[in-house]
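Report on one structure; see the data block that follows.
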Amino acid sequence: MAPPANRAGFTIGRARLAGGHAGDRERLSAAIDQVSLAAIGLSPRATLILRRFAAPRPLARGGASDSFVGSIETSLRERAAAARSGRAGDDLYFEDEDAIDLALVRLTLTSQGPLPAWAALLPAGGEPMARWRRTILTEPARLSPLVAHLVEAGQAAAWLMRFDPAEIASAETRILAAHGAPPIASASTGQNPAPRHERLPNPNVSRLAASIRHLRPEYPRNASTPAVDRLILIALVAERRPALLTASGFAEAMALPTAADPPVRPMAPVPSSRARAARNSVAISPVRRSAVQPDAPFAHMPEPIPIEIPSGTPPEPSLPTPAIATSPPPYAASDLPGAAEIETRFGGMFFLLNVFVALDLWGGFTRPRDGLPGLSPFELIGMLGRHWYGRAFADDPIDAAWRSIAGLGPGDRPGAHFAAPVWSVPAQWLAPWPNALALRRGPNHWHPAGFPWRDGARAGPAAQRRRRWTWALARYLDARLAVALGVEHAAAARDLVCLRPGRVAIEPDRITVRFALEDHPIALRLAGLDRDPGRLAGTTAALCFEFHA
């Protein structure tokens, strides 16, 4: 008989009903409509392909069909579990579309014959290059993790070289644009570079090139055409440390020859869940992405504390020196596995991501291009934590956690690729103090709440500018948190937020920070600091908070 009408989630190529009579097709369609994907154990993104399936129970001639539907769900659940574990023979299970596309690429590159018959059953078609042209090369969010997996499998260059140079160039531009980075071709002056022996390497660009090299230990340069090589490297950066795409000098760093760079100890990057998915035909479960809250933090903060302008002026603190050395921490980023969980005294530091979004330092999921160039928000968490808490923060497991999440290599210094601007407080940041007046002492203008309004110091080396910027931001955050939480002393407000013991679970696409509900300050809830930030610009994972009794 003709197949029953298909619905979302089910595609039936051919159905045969033994001993069928008139009206059986409609009854079979009605029964199949009652089969639940949830009862089978399939996620909405999963695909289960069965070459042959026989219903364990007969279709009732009339009346209820519960036993027929239940037998189908039970049998499909068992078949899905067997396919997921690789024990199913001809049955195939794919967790999502990415797992399907990776499997199709693998079959295309390793087999000489036509694609298997199941490829023709796919709703989007089974021809791999057509699928890539239609839904992958034009979608950076899918392209980067898929390329990263193909690199791990040693198949990236062989596959991408099948596409036209114009398609490769377009895909590269789309990845860069998705992260707010300019096209590399237009980032340079357009003039012919000097011969290699006549060029002196820029130290900042050389350090950036070294950081990029940490992200591609398994992929040799010059493995294919220059255009394909560059697309692969850009995709790896986008997947493993996207903040580098907007760093000053990224185009120049990409052009540096590998042979001129000193050898480094490669770090073991954490592959994405989609990248790991196609090591077998069975993929791991996709992670849920936290919904981005529409309201900004501080939306329900108390009324601003009145500021009395003192008769004197606050003393200007001297330029701070780092409380700890900037050498690599006792934990290397590669020490944390792909799914790790740590216990920390500083779990509340992650609440600062909501502050960063409120201050427009980074955009949320709806604004993936907005962020500080060359800096991950997790890097800034580490820089502020070391500034505020010194050795106690550096010796805590959180110091390895944020480095791993931000994609830093063992020798990477936090913020090294961030060209810090001269500090000046934006007008909208001053809203909690509507009547305050600036005070001047030395080269700086000071706010009476205790933070520099403008930094009048002459520009110095990049590292010094970065320290001054971090110090000034830390002073501002102290004052802003005190107002938001209704706490008199800035240091007490900072500790109320940051010194929250918690457990941090790190997965490739998701970071979960768990706290005890019984001692969670209500002031943090009223200020909106404990909302799920989701995935911020310049990051590779969504962040969510959980509270347990």
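Sequential numbering from 1 along the given sequence is applied to the chain's residues. Note that the coordinates shown come from a computational prediction; the quantities given were computed from them, not determined experimentally.
Taking the six-membered ring where the residue is Trp, the centroids of F378 and W402 are separated by 6.0 Å or more.
Summarising the geometry, atom CG belonging to L76 is positioned 8.0 Å from atom CG belonging to L42; distances are rounded to the nearest 0.5 Å. Note that CD of E95 and CG of L48 are 11.0 Å apart. Values are rounded to the nearest 0.5 Å.
With salt bridges taken as basic N to acidic carboxylate O contacts below 4.0 Å, none links E97 and R45. With respect to the salt-bridge test (charged N to carboxylate O, under 4.0 angstrom), the residues R386 and D399 qualify. Using a cutoff of 4.0 Å between basic side-chain nitrogens and carboxylate oxygens, D412 and R403 are not scored as salt-bridged. With respect to E152 and R240, a salt bridge is recorded, a charged nitrogen being found less than 4.0 Å from a carboxylate O.
Using the six-membered ring where Trp is involved, W159 and W132 have ring planes that are perpendicular, over 60° apart on the 30 and 60° scheme.
In terms of the side chain to side chain contact (heavy atoms under 4.5 Å, CB included) criterion, residue partners of A171 (sequence neighbours excluded) are, by chain and number, L137, L143, L231. Contacts of T138 classified as side chain to side chain contact (heavy atoms under 4.5 Å, CB included), with partners at least two apart in sequence or in another chain: R174. The salt bridge (charged side-chain N to carboxylate O under 4.0 Å, His left out) test applied to E139 returns no partner, not counting sequence neighbours.
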Q. How far apart are the C-alpha atoms of F545 and F351, what are their side-chain angles, what is the distance that settles it, and do they pass the ring-ring contact (aromatic ring centres under 6.0 Å, His included) test?
A. CA-CA 9 Å; F545 301 120; F351 291 138; 4.8 Å; yes
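Neither side chain, H417 nor S248, offers a donor N or O lying under 3.5 Å from an acceptor on the other.
Of all heavy-atom pairs spanning G538 and P377, the tightest one is O-CD, 4.4 Å.
Geometrically, R84 engages Y93 in a cation-pi contact, judged by NZ or CZ lying under 6.0 Å from the ring centre and within 45° of the ring axis.
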